[in-house]
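Please read the structure below before turning to the comments.
Counting from 1, the numbers follow the sequence of the chain as shown. First listed ligand is number 1; within each ligand, the first listed atom is number 1. Predicted model, so just to flag it, every value in this text is computed and none were measured.
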Amino acid sequence: MLLILDTADINAIKHISEYYPVDGVTTNPSIIAKENTDFWSLLKEIRKIIGEDKMLHAQTTQTVSDKIVEEAILMKKELKGSFFVKIPISEEGLKATMELKKLGVGVTMTAIFTPAQALIAAKAGADFVAPYVNRLDNILGDGTEVVAQIVKLFKLHSLNSKVLAASFQNAEQVHKCAMYGCDAVTISADIPKTLISHPMTDNAIAGFNRDWKNAYGDKTILDF
Ligand code: E4P
């Protein structure tokens, strides 16, 4: 399963890609707006940090297919490497997706809330579809169940699209998506730590340190 960071916070991207096995970065207009800086400098800085082999997904701000295609081609040219344009699902977005596939541009169809939307996006040729887990949970939907159904549908109909689950509030939602066979998750900067933390782990490490110190003081294996 791919582990992607859903942020444009440069410090967070630097830190997390150094300490965690991260496969790329996703952004959207709200995430970019939060940084309130020049679009190209920010995205190019992210590319510099993650390198060209890792995936960078950036969202179009256009709503008409010709303009979406134009913006996607420009972003792919400027941002280089493994690039996917994020396009919210709509008729114009689907038209653009089919065109971009002919042109060899990667597409992530985003703002997916139902398996039916995911199915049509996959048939249009989207490389990834991005269902929003927590936004569904927030309105008494079942975000991870929608992800499970999309995974099942794609298998059932041998569709090549990958499921990139997005919009997470907690580790439990991420865990469920992983259990359901989701291909990728994109998580905000505060989630990675919650995926590895456990009080029993802290306890175990404190015990190892205490026992070692009692026997050998400050001496480490390097000092023997
Ligand atoms: C992904 O495509 C979305 O940009 C993002 O994950 C939405 O997350 P949010 O619901 O936390 O804003």
Handout entry: Neighbour count above 12 (heavy atom, 6.0 Å) for E71 CD
Key = yes
Just to confirm my output: which protein heavy-atom neighbour is closest to [atom], and how far is it?
| atom | result |
| --- | --- |
| atom 2 (O) of ligand 1 | K86 NZ, 2.8 Å |
| atom 5 (C) of ligand 1 | D6 OD2, 3.0 Å |
| atom 12 (O) of ligand 1 | R135 NH2, 2.7 Å |
| atom 3 (C) of ligand 1 | Y132 OH, 3.4 Å |

Handout entry: Polar contact flag, side-chain donor to acceptor under 3.5 angstrom, D9-T7
Key =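 Side-chain D/A pair, D9 to T7: absent.
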Handout entry: Side-chain H-bond candidate by donor/acceptor type, Q169 with Q173, under 3.5 Å
Key =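 There is no such pair between these side chains.
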Problem - Partner residues of D6 under the side-chain contact (heavy atoms from CB on, under 4.5 Å) criterion, sequence neighbours left out - result: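 side-chain contact (heavy atoms from CB on, under 4.5 Å) list for D6, sorted by chain: T26, I31, T186.
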Practice task
Give the atoms of ligand 1, by number and element, whose distance to some non-hydrogen atom of T110 is under 4.0 Å.
Solution key: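 Ligand 1 atoms under the 4.0 Å threshold to T110: 2 (O).
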Handout entry: Polar proximity ligand 1 side, T186 side, N/O cut 3.5 Å exclusive
Key =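 Not met; the criterion fails.
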Practice task
Flag N28 as yes when one of its N or O atoms lies below 3.5 Å from any N or O atom of ligand 1, and as no otherwise.
Solution key: yes
Practice task
Can you sort out the partners of E35 under side chain to side chain donor-acceptor pair (under 3.5 Å), two or more places apart, ordered by chain and number?
Solution key: none
Practice task
Give me the ring orientation class for H57 and F84: parallel if the planes are under 30° apart, tilted from 30 to 60°, perpendicular past 60°.
Solution key: parallel
